[in-house]
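Everything below concerns the one structure shown next.
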Amino acid sequence: MTATPDFLSHLNPSQRRAVEHFCGPLLVVAGAGSGKTRALTYRIANLILTHKVDPENILAVTFTNKAAREMKTRIETIFAQQMAQRKHGQRLELLPEEEQTQLRSRVYKKYIKPLWVGTFHSLFARILRLDINKYQDEQKHQWNRNFSIFDESDAQSLVKNIVTKQLNLDDKKFDPRKVRYAISNAKNQGLSPLDAEKEHSGYKGRVIAEVYRHYQNQLASNNALDFDDLILVPVKLFQQNETVLGYWHQQFRHILVDEYQDTNRIQYDLIRLLSTNGETQKSAWNWQDRSIFVVGDADQSIYSFRMADFTILLEFQQNFGDGLPDEDTRTMVKLEENYRSRENILQAANSLIENNTQRIDKVLRPTRGLGEQIYVHKADDEVEEAHFVVNQIRRMEQQYPELNWGNFAILYRTNAQSRPFEDALRGKVPYIIVGGLKFYDRKEIKDSLAYLRAIANPDDTVSLLRIINTPRRGIGQATIDRLMGAAQELNISLWEILSDQTSVNTLAGRSAKGVNSFAEIIQRWQQQVEHLSAAEIVKGIMEESGYIDDLKKQGTDEAENRLENVSELYNAVLQFQEENEDTSLEGFLANASLASDLDDLKDGQKSVSLMTLHSAKGLEFPVVFLVGLEQGLFPNYRSMDDPASLEEERRLCYVGITRAQEQLFLSHARERRLYGNREPAVRSQFLEELPKELVSSTLVKVKKSKVEASENNLQSSTQLNRQTSKRSIKQSQEWTVGELLIHDTFGTGEVTHVFGSGNKISIAVKFSGIGQKILDPTKASLQRVQ
DNA sequence: AGGAGTGCGCTTTTT
DNA sequence: GCGCACTCCT
């Protein structure tokens, strides 16, 4: 590999400082759209290329699995590019396809696969599968490497069961959801059930601590962990076992954390333990050949309900850095140029966020043209709002050849708002909904996974109970109660009863036959788990259990759909096996529990994206519709009487606005259905916080009667805004000779000629070391420099 | 044991 | 306005 990587020329000076930083701590304050992913990926590449860091010594924490995948792909491209240059003296994309694939797969194997890139949860689930046998909690509970990961609904029902059945409490007074939240809270402060008991003197707190204790006992007896445990257990393990900590400290010499403003205390503890080997004295730290590199933006902190705490970011300079003022510090870099959005959009975002008091001043310098005004649409109700948005999308898609459906996003505060938009889009425009009912939350998928979990981890009683009578095997509640009662009395797991025919025959009475045949199927697959791939097991167990036949027998559309989903799950397993070396059932299950809908959002998919503002973090779209801007909805009524929560809502709005590249539409309705009743709605205060001169509401209103009308009508009603829109889109193509730009694959270049006019522009760009290229600016992905 | 019918409460956001 | 939990009936 080359000694001085030329890819560094793609960076602006601050990005370059961040990328070239080698040892010790560094905080990168990265505003929206300032190229932080670029900084992260280039830095990783540079560590390996320039500083000869072994990829397996790099730990990079991302916020979603999707971000992790993207990061890996981008690093792979950098390496493949370098290799193409060195071995063939050519740009990667100029090589034969076959050659490219081969190069990429070599790069992947050598440099990408050994990297530790993922979310906190997936990375530490992986570490726990290696080391959890060395851990014991305060109450001497232990787990083994086949542990199940309980998702939020598993956790929820466990709590509910404890509150209502085991402790016979009033679930009005002890709302299982609130209790679960309190437990999560305790875990995120690193408190054990015993700590929680000491912490609380009041009745309610003590009861919750008791539920927590029961909850933790049950997790342990199921050999299961919840999401919080995936972070908490490693922290406790590292604290109680310095050999284990030492091992991982040694392993992860370079730690990178993305979206640092959304980490919470316990995640901070984890990172701190790993990077400092548990030394509390700064003077004892040794940064030789080590670094901690975090990237974040306090203005985009939107996960405090998940205990995220952006003061952790603000404290980085004291905790890790030199603590010097901004002018003198060597442990902080600010990325302030925004390469994403039009100036109008940026100014709106900036004005909005200035209404927050809890922030550090940060400027976002625009690098692109002024762009369009922001349109605010006042709709009659949520149905008309949806029609407005959909019609606007159809118009623009038709009008601008450079726009496709995938360039539009509809963002809302709550998942429940998606329905009217789906209704308006259906049959007309391809769309995908991110979030809401996730694939892995569907009944048939949860059932399938329960079969797999029961096979991988026989102690997982929750899963066994889910499927013991699904499909129907004539096993009723009475039988289940007797089996469970016996297990509890003997202090053994349900499975130990089920797998013993004598016990079953005594306890289950007339259902014994069903129970025994169920146990026998599970047992047979358990015995083969080591020899078979996850895919073979899924296929086998779902057929043999009668689950598939049962659905086929039903013959309804719904059952048909469920069958499709089950086979979709099978495909997911196959895909997982292709992408991962760990093809074991446990490997797949861990992945499945931590997967999210967002992970499937692909760029190539030419569909309008519908999602919540939270899901939209980190994404960008040429045209964004931010809908439902009404008091009580956004900002949400639960946040309105608490200043800190209101500021978080405002940050959420800020995140939404800064997703837009070219054009931003905001909408609100005069009245809206809520729980089935029509309620009048008031404009969101956030709308009032935008500078008047940036906003326009003169867009031609589409009347309800026109909604079903043909394209002709749509065209005529758009007359007014056509000119202005056109100007905005065109502006992105206006290039002048001498301008500098960054091309995704060719790097930095200078515009030498501009050909043609109007929509048919092409430009000639001179790239250093590559020469001149003629590009279509509407097709190529270009970033203007300054 | 299992299906059908009724009433109640609910909506933030997610790894 | 919908999903879920509970009850009653076969």
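The chains referred to below are lettered A, B, ... by the order of the sequence lines, with proteins before strands, and numbering in each begins at 1.
- Residue A:Asn415 places at least one side-chain N or O under 4.0 Å from the OP1 or OP2 atom of B:dT14.
- Per the stacking criterion (ring centres < 5.5 Å, plane angle < 30°), A:Phe305 stacks onto the base of B:dT13.
- Taking atom CZ of A:Arg510 as the reference point, atom P of B:dA1 lies 9 Å away to the nearest angstrom.
- The heavy-atom pair separating A:Trp143 from A:Leu225 by the smallest distance is NE1-CD2, 3.5 Å.
- The heavy-atom pair separating A:Leu507 from A:Arg482 by the smallest distance is O-NH1, 2.6 Å.
- Atom CD of A:Glu630 and atom C1' of B:dT11 are 15 Å apart (whole Å).
- Atom C1' of B:dT13 sits at a distance of 22 Å from the matching atom of C:dC4, rounded to the whole Å.
- As a whole-Å value, the separation of A:Tyr440 OH from B:dT14 P is 18 Å.
- When side chains are defined from C-beta on, A:Arg306 does not count as touching A:Phe227, because their heavy atoms never get closer than 4.5 Å.
- Using a 3.5 Å distance cut-off with no hydrogens or angles, the side chains of A:Tyr654 and A:Asn356 do not pair a donor with an acceptor.
- At the heavy-atom level, A:Phe634 lies nowhere under 4.0 Å from the strands shown.
- In this structure, of B:dT15, B:dT11, B:dT14, it is B:dT11 that holds the atom nearest to the side chain of A:Tyr637.
- When each of A:Tyr181 and A:Arg473 is assigned the nucleotide of DNA chain B with its nearest heavy atom, A:Arg473 is the one assigned upstream, toward the 5' end.
- Remark: P of B:dT12 and CG of A:Leu652 are 14 Å apart, rounded to the nearest angstrom.
- Separating the C1' atom of C:dA5 from that of B:dT12 is a span of 23 Å, rounded to the nearest Å.
- Rounded to a whole Å, the CZ atom of A:Phe227 is 12 Å from the P atom of B:dT14.
- Among B:dA1, B:dT15, B:dT11, the nucleotide with an atom closest to any side-chain atom of A:Ala416 is B:dT11.
- Residue A:Arg673 places at least one side-chain N or O closer than 4.0 Å to OP1 or OP2 of C:dG1.
- Looking at heavy atoms from C-beta onward, A:Ser122 lies out of side-chain contact with A:Asn591 at the 4.5 angstrom threshold.
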### Task
Could you walk me through whether A:Leu464 and A:Phe518 pass side chain to side chain contact (heavy atoms under 4.5 Å, CB included), step by step?
CA-CA 10 Å; A:Leu464 280 170; A:Phe518 169 72; 4.0 Å; yes
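- A:His614 places its NE2 atom 4 Å from the C1' atom of B:dT13, with the value rounded to the nearest Å.
- The interatomic distance linking A:Leu230 (CG) with B:dT14 (P) rounds to 19 Å, in whole Å.
- At least one side-chain nitrogen or oxygen of A:Ser615 sits closer than 4.0 Å to the OP1 or OP2 atom of B:dT14.
- For A:Arg472, whose side chain is taken as the heavy atoms from C-beta onward, the closest listed nucleotide among B:dT11, B:dT13, B:dG2 is B:dG2.
- Counting any heavy atom pair closer than 4.0 Å across all strands shown, A:Gln477 reaches sugar-phosphate atoms only and no base atom.
- Of the candidates B:dT11, B:dT12, B:dT15, B:dT12 carries the atom nearest the A:Asn636 side chain, counting heavy atoms from C-beta on.
- If you check every strand for non-hydrogen atoms under 4.0 Å, A:Asn469 touches sugar and phosphate atoms only.
- Comparing B:dT12, B:dA1, B:dT13 by their nearest atom to the side chain of A:Ala478 picks out B:dA1.
- Here the rule is salt bridge (Lys or Arg N to Asp or Glu O under 4.0 Å) with A:Arg672, and of A:Glu382, A:Glu679, A:Glu630 only A:Glu630 fits it.
- For A:Phe576, the ring-ring contact (aromatic ring centres under 6.0 Å, His included) criterion is met by A:Phe588, not counting sequence neighbours.
- Residue A:Ser122 is out of contact with every strand shown, counting any heavy-atom pair closer than 4.0 Å.
- The base of B:dT13 is paired with the side chain of A:Arg413 by a donor and an acceptor separated by under 3.5 Å.
- The side chain of A:Thr414 sits closest to B:dT12 out of B:dT14, B:dA1, B:dT12.
- Taking the nucleotide of DNA chain B with the nearest heavy atom to each of A:Thr479 and A:Thr612, the more 5' of the two is matched to A:Thr479.
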### Message
Between A:Lys446 and A:Asp154, is the salt bridge (Lys or Arg N to Asp or Glu O under 4.0 Å) condition met? List the steps.
### Response
CA-CA 10 Å; A:Lys446 295 209 78 172; A:Asp154 296 326; 3.5 Å; yes
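- One interatomic measurement links the two molecules: CZ of A:Phe63 to P of B:dT13, which rounds to 15 Å at whole-angstrom precision.
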What are the atom names and distances for every N/O pair under 3.5 Å that joins the protein to nucleotides 5-10 of chain C?
none

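- Taking only side-chain nitrogens and oxygens, A:Arg306 never comes nearer than 4.0 Å to OP1 or OP2 of B:dT15.
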